[in-house]
Amino acid sequence: AKFTPTPALKYADELHATAKALVADGKGLLAADESTGSIKKRLESVGKENNDDNRREWRDLMFTAEGPLEKYLGGVITFEDTLMKHDAQLESQYKGSPLRDVIKKRGIIPGIKTDKGTKPLSRTQPEETTTEGLDGLLARSQEYYAAGARFAKFRTTYIVTATTPSQLAIEDNANVQARYASISQEAGLVPIVEPEVLCNGDFTIERSAEAHIAAYSHLFRTLALHKVDFAGMILKASMVVPGDKSGKVATPEEVAQATLHVLSKTVPPLVPGVVFLSGGLSEADSIAYLDAMNKLKKKEPSIAPWKLSFSFGRALQGEAMKVWAHSGDIKKAQETFMLRAKWCYEAALGEYKGEAGEPSK
Ligand code: 5MM
């Protein structure tokens, strides 16, 4: 029997359908929502100036790439500029169309980052963060829905040390995420809840798992208190890895086991999908870890009742951006991007065949 709490959520059916579609059949998300400050770092790292034309050319290039992008991507997360303003300019069948229409015409769902970035949590030592963006969020979300967006993304971050994430950071960020998620659902946008446990530091994979469990268990309790509809949201999770200054490297199987251990303890089965960020991990590692998780899930389906897919920024864009910046060859950059999207799709099915197309173990 179906129990529908009252008052009912206006967009419930649509939210459920959108959430499922975002992660259907090996599909994942492209995180192309770098704020102006973050895209500056990415562009400058390949020797490109951060200006309107370069940002547009880069994003045009990805969204208009030839090939079955809609088979690999359920959605694209955009920054406000891209959703609301930019026009596709490259020579292609999409010339002159707003980028959001290019995404939609390809059968990919446009989404939008609605957070306004992380800010220090006053008087925390070591310094932890909260995330801004709740003020006026309902009106902004309604405007994005009217412009064609069907999901939103909001990122909070946690640092791992011997004493963090602190109870303050855990509770504050859970509350922020829960308000964001309930407001998004009220406006018809599927919330992609992104609580990123950063991988910077000198800590073991076990300590990372502990930090994830502390943050995610409180997060889901708070989402429930705020009446968030779990079937109409997606979790964007970090992978559980040893800290980048620990001198330790875990195997894909170890990362897969640790990550699924954390998720199976904290994420309700009603959530249709967990998508992972790449978080500065190499493209090869991000793909190998996701593939290992899906291979493990095939052996033991009950440990992962949700789809396990990707929402990569750097792991999908990094190599292609280098090709574009260094050779100026748009076609070659598009092929490089499309190949990464295909690998991610294969990993989301646990069928990654390796760079050379050889089946991986
Ligand atoms: C694409 O970057 C997103 C926006 O970051 P800023 O708000 O700092 O500009 C970011 O939230 C991203 O979606 C996640 O970090 C995943 O990207 P990576 O590169 O870690 O896969």
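Because only heavy atoms are used, hydrogens play no part in the values below, and waters and symmetry mates are left out as well, while side chains stay in.
Side-chain atoms of Thr266 and Ser217 form no donor-acceptor pair, as typed in the model, at a separation below 3.5 Å. Side-chain atoms of Glu57 and Trp324 form a donor-acceptor pair, as typed in the model, at a separation below 3.5 Å. A side-chain donor from one of Thr156 and Gln177 sits under 3.5 Å from a side-chain acceptor of the other. A donor-acceptor contact under 3.5 angstrom links the side chains of Glu128 and Ser166, judged on distance only. Donor-acceptor pairing under 3.5 Å is recorded for the side chains of Gln167 and Glu171.
With contacts defined as side-chain heavy-atom distances shorter than 4.5 Å, the pair Leu134/Tyr180 qualifies. Looking at Pro191 and Phe151, their side chains never come closer than 4.5 Å, going by heavy atoms from C-beta outward. Leu9 places a side-chain heavy atom less than 4.5 Å from the side chain of Leu15.
Residue Asp33 holds its CG atom at 9.0 Å from OG1 of Thr82, rounded to the nearest 0.5 Å. Taken to the nearest 0.5 Å, the CD atom of Gln334 stands 6.5 Å off from the CG atom of Leu90. The line from CG of Leu137 to CD of Glu132 is 13.0 Å long, rounded to the nearest 0.5 Å. For the atom pair Arg314 CZ and Ser282 OG, the distance stands at 11.5 Å (nearest 0.5 Å).
For Phe310 and Tyr345, the ring centers are positioned 6.0 Å apart or more.
Here the side chain of Ser246 pairs no donor or acceptor atom with the backbone of Pro242 at under 3.5 angstrom. Looking only at distances, a side-chain donor or acceptor of Lys297 sits under 3.5 Å from a matching main-chain atom of Ala304. Arg179 places no side-chain N or O within donor-acceptor distance of the main-chain N or O of Ala174, the cut-off being under 3.5 Å. Between the side chain of Thr131 and the backbone N or O of Arg155 there is at least one donor-acceptor pair closer than 3.5 Å. Between the side chain of Gln185 and the main chain of Asp229, a donor-acceptor pair closer than 3.5 Å is present. Looking at Thr78, its side chain does come within 3.5 Å of a backbone N or O of Gly111 through a donor-acceptor pair.
Met239 and Leu296 fall within the same hydrophobic cluster, defined by Ile, Leu, Val, Met, Phe, Trp and Tyr side-chain heavy atoms under 4.5 Å apart, directly or through other members. The cluster map of Ile, Leu, Val, Met, Phe, Trp and Tyr, joined by side-chain heavy atoms under 4.5 Å apart, puts Leu281 and Leu30 in the same cluster. In terms of hydrophobic clustering, with Ile, Leu, Val, Met, Phe, Trp and Tyr side chains grouped at heavy-atom distances under 4.5 Å, Phe337 and Val46 are assigned to a common cluster.
For Glu210, the side chain to side chain donor-acceptor pair (under 3.5 Å) partners at least two apart in sequence or on another chain are Arg207. Judged as a side chain to side chain donor-acceptor pair (under 3.5 Å), and not counting sequence neighbours, Glu49 has no contacts. When the side chain to side chain donor-acceptor pair (under 3.5 Å) test is applied to Asn50, the partners found at least two apart in sequence or on another chain are Arg55. Residues forming a ring pair (Phe, Tyr, Trp, His ring centres under 6.0 Å) with Phe276 (at least two apart in sequence, or on another chain): none.
A salt bridge is absent between Asp115 and Lys153: the closest approach of a Lys/Arg side-chain nitrogen to an acidic carboxylate oxygen does not fall below 4.0 angstrom. Under 4.0 Å is where a charged nitrogen must lie from a carboxylate oxygen, and between Lys331 and Glu66 at least one such pair does. Between Lys322 and Glu319, at least one side-chain nitrogen of the basic residue sits less than 4.0 Å from a carboxylate oxygen of the acidic one, meeting the salt-bridge criterion. Remark: Arg56 does not engage Asp52 in a salt bridge, criterion side-chain N to carboxylate O under 4.0 Å. Checked for salt-bridge contact, Lys342 and Glu346 meet the test: a charged N lies under 4.0 Å from a carboxylate O.
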Evaluate the salt bridge (Lys or Arg N to Asp or Glu O under 4.0 Å) criterion for residues Glu283 and Arg340: first the C-alpha distance (whole Å), next the side-chain angles of each, then the deciding distance (0.1 Å), finally the verdict.
-> CA-CA 8 Å; Glu283 165 194 301; Arg340 267 75 200 162; 3.0 Å; yes
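Classification of the Tyr11-Tyr145 ring pair by plane angle, with boundaries at 30° and 60°, yields tilted.
Among residues at least two apart or in separate chains, side-chain hydrogen bond (donor to acceptor under 3.5 Å, both in side chains) pairs with a member in residues 302-311 are Lys236-Ser311.
The two atoms that bring Val228 and Ala181 nearest to each other are CG2-CB, 3.8 Å, heavy atoms only.
The one candidate from Arg100, Glu80, Arg150 that meets the side-chain contact (heavy atoms from CB on, under 4.5 Å) condition with Tyr144 is Glu80. The only member of Glu34, Gln317, His86 that meets side chain to side chain donor-acceptor pair (under 3.5 Å) when paired with Arg59 is Glu34. Evaluated for a side chain to side chain donor-acceptor pair (under 3.5 Å) with Ser97, the options Lys104, Gln89, Lys105 yield exactly one hit, Lys105.
By the 4.5 Å side-chain criterion applied to Ile, Leu, Val, Met, Phe, Trp and Tyr, Ile159 is assigned to a cluster that also includes Leu198.
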